[in-house]
Amino acid sequence: MYQKLIIAGNLGKDPEMRYAPSGDAVTSMNVATNRKYTDKSGQQVKETTWYRVSVWGKGAETCNQYLKKGSAVLIEGRLNADKATGGPRVFQRQDGTWGSSYEVTADPGGVKFLSTGQREDSGEAASGGQVIHDAPPTDEENIPF
């Protein structure tokens, strides 16, 4: 049996790193994915799904060093079910509405950096992930085709 989950989204807040009793680094990140569509009545609907992502080892240190709130990431990993319910973690918000959170453990090397946003204290590009830069502006007259 095999399971693989791939999500692309943005961090909802800065990552938080801590150390397990074994001494291994673990970084927790909240990643949001968005979906927009028009329902049958013609209304625009925006759906946001939140994932709580755990990254272990060297990847945890790299994520903590270079990512920040709003950073775009691609996560490859496995979905972890709530042990009590077998589904996502369900919670009640302060306003009384219900929400759910999906727990994901990133694979080793399973976090790719999709934005160039860096932490202000880093001063350099991330070496542990892939950074995709925006294309430079082009002059249409110089395009060879």
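No experiment lies behind these values; they were computed from the predicted model shown.
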Other cluster members, Tyr37 - Ile/Leu/Val/Met/Phe/Trp/Tyr, side-chain contacts below 4.5 Å: Val45
Find the distance between CZ (Phe91) and CH2 (Trp98) and round it off to the nearest 0.5 Å. 10.0 Å
Side-chain contact test, heavy atoms from C-beta onward, threshold under 4.5 Å: evaluate it for Val73 versus Val31 and give yes or no. yes
Test question: given the 4.5 Å side-chain rule for I, L, V, M, F, W and Y, name all other residues clustered with Tyr2, or answer none. none
Name all residues meeting the salt bridge (Lys or Arg N to Asp or Glu O under 4.0 Å) criterion together with Lys36; count only those two or more places apart in sequence or in a different chain, and write none if there are none. none
So which heavy atom on Ser115 is nearest to which on Ala72, and how close? OG-N, 3.0 Å
If we ignore hydrogens and angles and just use 3.5 Å, is the side chain of Thr97 paired with the main-chain N or O of Arg93 as donor and acceptor? no
Any donor-acceptor N or O pair under 3.5 Å, side chains Asn64, Thr27: no
Point-to-point distance, once rounded to the nearest 0.5 Å, from OG of Ser101 to OH of Tyr51: 10.0 Å
Do you reckon Ile75 sits in the same ILVMFWY cluster as Trp56, going by side-chain contacts under 4.5 Å, direct or chained? no
Honestly curious: do Val26 and Tyr102 fall in one hydrophobic cluster under the side-chain, below-4.5 Å linking rule? no
At their closest point, which heavy atom of Asp39 faces which heavy atom of Ser41, and how far apart are they? OD1-OG, 2.8 Å
Provide the closest heavy-atom pair for Asn34 versus Lys46 in the form atom of the first, atom of the second, distance. OD1-CE, 3.7 Å
Determine whether the side chains of Arg35 and Thr49 contain a donor N or O and an acceptor N or O closer than 3.5 Å. no
Taking Met17 as the starting point, is it possible to reach Val111 by hopping between hydrophobic residues whose side chains are less than 4.5 Å apart? no
Glu103 and salt bridge (charged side-chain N to carboxylate O under 4.0 Å, His left out): which single residue from Arg78, Lys83, Arg52 fits? Arg52
Smallest heavy-atom separation, Cys63 atom then Met29 atom, equals CB-SD, 4.2 Å
Measure the spacing between CH2 of Trp50 and OG1 of Thr33 and express it to the nearest 0.5 Å. 9.5 Å
Contact between Leu11 and Lys68 at the side-chain level, heavy atoms closer than 4.5 Å - yes or no? no
If you measure from CG on Asn10 to CG on Asn30, what distance do you get to the nearest 0.5 Å? 12.5 Å
Let me confirm one number: the OG1-CG distance from Thr105 to Asn80, rounded to the nearest 0.5 Å. 3.5 Å
CD1 (Ile6) and CD (Glu76) are apart, to the nearest 0.5 Å, by 4.5 Å
